[in-house]
Amino acid sequence: MSLTVLEILRRSTEFLEARGVESARLNAELILSHVLRQPRLRLYLEFDRVVGAPETAAVRDLVRRRGRREPLQHLTGTAAFLGHELRVGPEVLIPRPETERLAQLAIERLRRPDASATPRVLDFGTGSGCLAIAIAAAIPAAEVHALELSVPALDRARENARPLGTDRIAFHCGDGFAALPDGEGEPRRGFDLLVANPPYIPTADIGSLDPEVRDHEPRLALDGGPDGLSFFRRLAVEASHRMRRPGCLMLEFGDGQAAAVRELFTNTAWTVERVEKDLSGRDRILIVTPLPASRVPPGT
């Protein structure tokens with residue numbers, strides 16, 4: 001059966017709405033534009049275009065998968081992040097707009113008049129590589145490092161960073177700061193900026209997440225321990241020794257966690273500079289600076 005662009009969009013939208021997919025019409029448009037390899041808005045100029053049988057079959061397959069709540073980005077294979085098109089799949093967390101805001105704040109920090117001319121930056125838990133890539137592209141003089149525990153995720157980050165050049169980002173695989181090369185913890189080799197979007201979903205809450213997240217994104221990138229704060233505790237204790245003075249740590253956290261995360265860092269070796277909101281007006285990003293070495297409490 002031959003179908004027009006408009007007929008495909010109507011049928012796909014109805015199918016996705018019946019299965020509880022949010023923004024069903026937009027999803028249908030993005031799937032069809034992906035299959036036809038043309039901008040989504042061009043569809044509005046071609047509603048009467050008859051779509052060939054192979055393309056119609058491809059759209060039908062993707063729409064069915066989306067109806068089973070596979071993330072749209074997994075179907076198209078890409079996600080946009082600050083103008084970069086990143087390859088994504090089940091091995092990495094899909095970049096969100098909240099993390100774009102974190103990248104923007106990091107870039108702004110590195111462009112301040114008082115910033116180092118050749119800053120050293122660490123992306124702790126790089127995942128898809130989105131933060132490291134955005135920073136490296138915007139600050140060519142930066143020495144950018146990306147740290148990741150998951151081997152498949154790190155492979156994906158390396159793939160995404162390839163357009164920048166093979167030497168723009170140094171990738172390290174392992175569990176936390178111990179994965180960095182010898183000497184990276186010395187003050188002269190510390191970092192001017194550390195950014196992280198760590199796992200922050202409480203373990204018991206993962207089962208109630210949307211199916212797109214719960215069933216298709218890596219648990220390693222979601223599970224923040226019993227209260228969602230396990231990685232923040234670790235960073236509050238360990239990261240200070242990896243920072244230059246002055247330096248800056250920027251962290252994304254979850255809804256309702258602002259007070260607890262702020263307290264964790266206030267009670268260790270940090271000064272809280274401020275908490276930034278996301279585009280929806282929710283507290284989302286903590287910005288802290290390390291105390292001078294002489295003021296670091298014993299045992300931290």
Side-chain angles (χ1 to χ4, degrees), residues 1-101 103 126-134 137 150 152-164 197 209-218 221-222 279:
M1 179 188 301
S2 298
L3 296 174
T4 66
V5 164
L6 185 57
E7 288 169 333
I8 289 176
L9 290 177
R10 284 174 175 169
R11 294 188 183 194
S12 299
T13 300
E14 291 171 0
F15 181 88
L16 295 176
E17 286 177 340
R19 283 151 184 81
V21 175
E22 292 187 8
S23 304
R25 172 65 181 231
L26 176 60
N27 275 253
E29 292 174 358
L30 290 170
I31 288 171
L32 181 55
S33 66
H34 169 70
V35 170
L36 296 180
R37 299 181 180 181
Q38 66 181 44
R40 178 177 67 90
L41 294 181
R42 185 171 178 82
L43 299 176
Y44 284 82
L45 304 176
E46 300 182 347
F47 277 162
D48 295 329
R49 172 185 170 183
V50 176
V51 179
E55 291 84 2
T56 300
V59 171
R60 185 180 295 114
D61 176 64
L62 292 179
V63 169
R64 285 173 176 168
R65 291 171 60 189
R66 186 69 186 98
R68 294 194 293 267
R69 307 303 290 271
E70 285 190 53
L72 176 67
Q73 294 88 343
H74 288 186
L75 303 182
T76 63
T78 62
F81 188 85
L82 285 187
H84 301 275
E85 187 173 90
L86 306 179
R87 299 288 299 176
V88 296
E91 69 283 346
V92 297
L93 194 71
I94 297 168
R96 266 76 167 176
E98 296 87 350
T99 310
E100 284 189 316
R101 180 60 182 148
T126 194
S128 65
C130 59
L131 286 169
I133 290 167
S150 165
L154 199 64
D155 289 341
R156 180 67 76 184
R158 285 194 179 100
E159 176 189 1
N160 284 328
R162 199 166 293 135
L164 293 178
N197 176 22
L209 297 174
D210 289 340
E212 288 87 343
V213 180
R214 181 192 65 220
D215 300 334
H216 297 282
E217 296 201 79
L222 299 171
L279 296 177

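Excluded from the calculations below are hydrogen atoms, water molecules and symmetry mates; all remaining heavy atoms, backbone and side chain alike, are included. Fair warning: this is a prediction, and the values are worked out from it, not measured in the lab.
Residues V51 and L3 have side chains not in contact (no heavy-atom distance under 4.5 Å, counting atoms from C-beta outward).
The CG atom of L32 sits 8.5 Å away from atom OG1 of T56, with the distance rounded to the nearest 0.5 Å. Taken from CD in E55 to CZ in R37, the straight-line distance is 9.5 Å, to the nearest 0.5 Å. Rounding to the nearest 0.5 Å places CD of E100 at 8.5 Å from CG of L279. Considering CG of D215 and CZ of R68, their distance stands at 12.5 Å, rounded to 0.5 Å.
For the pair Q38 and R49, the tightest heavy-atom approach, listed with the atom from each and the gap, is OE1-NH1, 2.9 Å. For A157 against I133, the heavy-atom pair with the smallest separation is O-CD1, 4.3 Å. Taking each heavy atom of E17 and A24 in turn, the nearest pair found is CG-CB, 3.4 Å. In plain terms, the two heavy atoms of A58 and V35 that are nearest each other are CB-CG1, 4.0 Å. Between L86 and F81, the closest heavy-atom pair is CD1-CB, 3.9 Å.
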Show me the donor-acceptor pairs, under 3.5 Å and distance only, between side chains in residues 9-16 and residues at least two apart or in other chains.
from	atom 1	to	atom 2	distance (Å)
S12	OG	I8	O	2.8
T13	OG1	L9	O	2.7

Counting only pairs under 3.5 Å, give me each side-chain donor-acceptor contact of residues 87-99, with atom names and distances, residues two or more places apart or in other chains.
from	atom 1	to	atom 2	distance (Å)
E91	OE2	R156	NE	2.5
E91	OE2	R156	NH2	2.9
R96	NH1	I94	O	2.7
R96	NH1	E217	OE1	3.0
R96	NH1	E217	OE2	3.1
R96	NH2	E217	OE2	2.6
T99	OG1	N197	ND2	3.3
T99	OG1	E252	OE1	2.7

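Residues forming a salt bridge (Lys or Arg N to Asp or Glu O under 4.0 Å) with R40 (at least two apart in sequence, or on another chain): E29. Under the salt bridge (Lys or Arg N to Asp or Glu O under 4.0 Å) criterion, R214 pairs with no residue, sequence neighbours left out. Applying the salt bridge (Lys or Arg N to Asp or Glu O under 4.0 Å) criterion to R42, with sequence neighbours excluded, gives E46. Residues passing the salt bridge (Lys or Arg N to Asp or Glu O under 4.0 Å) test with R158 are D155, sequence neighbours excluded.
For E212 and R66, the salt-bridge test passes: some basic side-chain N is under 4.0 Å from an acidic carboxylate O.
When atom types are taken as modelled, the side chain of S150 and the backbone of A153 share a donor-acceptor pair closer than 3.5 angstrom. Listed for the N160 side chain is no donor-acceptor partner under 3.5 Å among the backbone atoms of C130.
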**Request:** Under the side-chain contact (heavy atoms from CB on, under 4.5 Å) rule, what do I31 and V59 come out as? Steps first, then yes or no, please.
**Result:** CA-CA 7 Å; I31 288 171; V59 171; 4.2 Å; yes
**Message:** One pair to check against side-chain contact (heavy atoms from CB on, under 4.5 Å): T76 and L30. What are the steps and the verdict?
**Reply:** CA-CA 9 Å; T76 63; L30 290 170; 5.7 Å; no
**Message:** Between N27 and E22, is the side-chain contact (heavy atoms from CB on, under 4.5 Å) condition met? List the steps.
**Reply:** CA-CA 8 Å; N27 275 253; E22 292 187 8; over 6 Å; no
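Annotation: E85, atom CD; neighbour count of heavy atoms from other residues, nucleotides and ligands within 6.0 Å does not exceed 12.
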